[in-house]
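Here the structure is a predicted model, which means the values were calculated and not measured.
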2 protein chains.
Amino acid sequence: MDFSIGELSKATGVKVPTIRYYEKEGLIEAPIRTEGNQRRYQERDLDRLRFLKHCRDLGLPMEAIRELIDLSLHPDQPCSNANRIAADQLQAIRARIAHLKKLEKELARISASCTGEHPAADCNILKAFGDHDLCLSDHK
Amino acid sequence: MDFSIGELSKATGVKVPTIRYYEKEGLIEAPIRTEGNQRRYQERDLDRLRFLKHCRDLGLPMEAIRELIDLSLHPDQPCSNANRIAADQLQAIRARIAHLKKLEKELARISASCTGEHPAADCNILKAFGDHDLCLSDHK
DNA sequence: GTAATCCCTATAGCGGCTAGAGGTTCAAGA
DNA sequence: TCTTGAACCTCTAGCCGCTATAGGGATTAC
Ligand SMILES: [Zn+2]
Ligand SMILES: [Zn+2]
Ligand SMILES: [Zn+2]
Ligand SMILES: [Zn+2]
């Protein structure tokens, strides 16, 4: 019927201290308590936490998740905010990929420039790490 | 001849508080001071900070940079550590790219699933954010 | 001499948790 | 019914790599 925090944790994959942290941050509602002050959750808390977890797994920042939760609590409002949040997140992810690809190129070059078998004084890797002029791109 | 911390900052693109933070962390050496207790840097500090900055721009964690600095201070040691650090970082970057690409796919799908022009109750984006079963991959 | 601009230390905060200390409650087995 | 031991509670501090104050002192250009 109702879950302890540990059961909720197992059901969602969210760690117990993290669940308490989300409660403190107002991202999930404070559940009812037993006489001994332990939390007891209902089905809807499970739904909410799964939603939250999935959003986190998609890389959304807490602030965006907060807005999405607000929106789902007001189902008659237009969904334009959800649309914007998804688009923003997609753009942010693409920007990060682009950046990391630049790093990948440079690091592949640097890593291949030495086999790791001579004194540090002559090491091309150390030289490459120290001198951005040897790089092919700006990588930020 | 010697630089103030602000001049060092301008020359390297590292912000003034960040330079002080690096000093506190032992990543750069504490420079000499004026009679009025202000830091004055030399050419070699500039080199060191540039090295550090470039490593950070390549995404290396501080711990790895610490090892690289140690290594460059012992130029007769073998460079195998530098080699390992570069390879590890390359691998880490590739893993992050792979992960982000999964997110990109899911978010592109989610973002395209709604134009943002109806009530939240019917919004496919909100549904997709709430239900991982609709996803195409595991994205962790 | 004075004003503008730098510089100093120290502390707290960011995001998003995670770990620990020190104590209480619950549930299953004897 | 009692006992154990796992799970729970609150509170605080720590993680990374900075960044942003606050409240002062030093330097420099005019
Ligand atoms: Zn080498
Ligand atoms: Zn570079
Ligand atoms: Zn919609
Ligand atoms: Zn998913």
Exercise. Has Ser4(A) got a side-chain N or O lying under 4.0 Å from the OP1 or OP2 atom of dA7(D)?
Worked result: no
Problem set entry | Atom-to-atom span, CD1 of Ile32(B) to P of dC8(C) - whole angstrom | 13 Å
Exercise. How close or far is atom P of dC17(C) from atom CG of Asp57(A), stated in whole angstroms?
Worked result: 10 Å
Problem set entry | Nucleic acid footprint by protein, nucleotides 13-18 of chain D - heavy-atom cut-off 4.0 Å, B for base, S for sugar-phosphate alone | ----BB
Problem set entry | Spacing between Ile19(A) atom CD1 and dG16(C) atom C1', to the nearest angstrom | 15 Å
For this session: Output yes when Glu63(A) and Arg66(A) qualify as a salt bridge under the 4.0 Å nitrogen-oxygen rule, no when they do not.
Result: yes
For this session: Might you point out which heavy atoms bring Gln42(A) and Arg40(A) nearest each other, and give the distance in Å?
Result: OE1-O, 4.1 Å
For this session: Whole angstrom is fine here: how far is it from NZ in Lys15(A) over to P in dA7(D)?
Result: 16 Å
Exercise. Name the one of Ile69(B), Leu49(B), Ile19(B) that satisfies side chain to side chain contact (heavy atoms under 4.5 Å, CB included) with Leu27(B)?
Worked result: Ile69(B)
Exercise. Same cluster for Ile97(B) and Leu58(A) if Ile/Leu/Val/Met/Phe/Trp/Tyr side chains link at under 4.5 Å?
Worked result: yes
Exercise. Does a donor on one side chain and an acceptor on the other come within less than 3.5 Å for Glu117(B) and Ser80(A)?
Worked result: no
Seminar exercise, completed: Separation of dC8(D) atom P from Arg20(A) atom CZ, nearest Å, is 8 Å
Exercise. Rounded to the Å, how far apart are Glu25(A) CD and dC14(C) P?
Worked result: 9 Å
For this session: Report yes if a side-chain nitrogen or oxygen of Arg39(A) is closer than 4.0 Å to either non-bridging phosphate oxygen (OP1 or OP2) of dC8(D); otherwise report no.
Result: no
Exercise. Under the salt bridge (charged side-chain N to carboxylate O under 4.0 Å, His left out) test, which residues partner Lys102(B), sequence neighbours left out?
Worked result: none
For this session: Measure from the side-chain N and O atoms of Arg56(A) to the backbone N and O of Met62(A), and report whether any donor-acceptor pair falls under 3.5 Å.
Result: no
Seminar exercise, completed: Only residue of His132(B), Glu106(B), Lys101(B) satisfying side-chain hydrogen bond (donor to acceptor under 3.5 Å, both in side chains) with His139(B) is His132(B)
Exercise. What's the CD1-P distance between Ile5(B) and dC6(C), to the nearest Å?
Worked result: 13 Å
Exercise. With distance as the sole test, does Glu67(B) use its side chain to make a donor-acceptor pair with the main-chain N or O of Ala64(B) at under 3.5 Å?
Worked result: no
For this session: Between protein and nucleotides 21-30 of chain D, map the contacts as a letter string: B base, S sugar-phosphate only, - none, heavy atoms under 4.0 Å, written 5' to 3'.
Result: ----BSS---
Exercise. Between atom CG in Leu8(A) and atom C1' in dC8(D), what is the gap in whole Å?
Worked result: 14 Å
